[in-house]
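Both backbone and side-chain heavy atoms feed into the values below; hydrogens, waters and symmetry mates do not. We count residues from 1, following the sequence as given.
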Amino acid sequence: QVQLVEAGGGLVQAGGSLRLSCVASGRTWPGYNMGWFRQAPGKEREFVAVISWSGGSTNYLDSVKGRFTISRDNAKNPVYLQMNSLKPEDTAVYYCAASRGSWPPKQYDYWGQGTQVTVSS
């Protein structure tokens, strides 16, 4: 079992930055691919970014490429999502998720509770 806890959300003006973190507890860490998803009000949850268990591979939603960076330091546990040049359309609850499967992940086995990101115009 893996437990995930996100932190770092908040209110920021358009053009600003935030760094989200996801701390995992439980066994077999760090052998999981880790992803970030988001869900805006009235919309379905969407994929944002994912990083392989080794940190050597990443994928991003097209609309965040060049603005968001996912990273991990397996020695220190957290997975980060650095978000720069934020836009009002980035406003959502952001979720961290862990996948035990192969790369790229097709499903995620564990989810955090989410952290709110609000970008004002």
Q. In Å and rounded to the nearest 0.5 Å, what is the CD to OG distance from Gln13 to Ser121?
A. 9.5 Å

Q. Say you draw a straight line from CD1 of Ile70 to OG of Ser52; how long is it, rounded to the nearest 0.5 Å?
A. 9.5 Å

Using the test side-chain contact (heavy atoms from CB on, under 4.5 Å), find all partners of [X] that sit at least two apart in sequence or belong to another chain.
X      : answer
Val23  : Asn77, Pro78
Val119 : Val12, Ala14, Leu86, Pro88, Asp90, Thr91, Val117
Gln39  : Arg45, Tyr95

Less than 4.5 Å apart, any side-chain heavy atom of [X] and any of [Y]?
X      : Y      : result
Arg100 : Tyr32  : yes
Trp103 : Asn59  : yes
Pro105 : Val50  : yes
Val2   : Asp109 : no
Met83  : Arg67  : no
Tyr94  : Leu18  : no

Q.
Check for me whether the distance between the ring centres of Phe37 and Trp111 falls short of 6.0 Å.
A. yes

Q. Which pair of non-hydrogen atoms, one from Trp53 and one from Arg72, has the smallest distance, and what is that distance?
A. CA-NH1, 3.2 Å

Q) Would a distance-only check, ignoring hydrogens and angles, find a side-chain to backbone donor-acceptor pair under 3.5 Å from Gln82 to Arg19? A) no

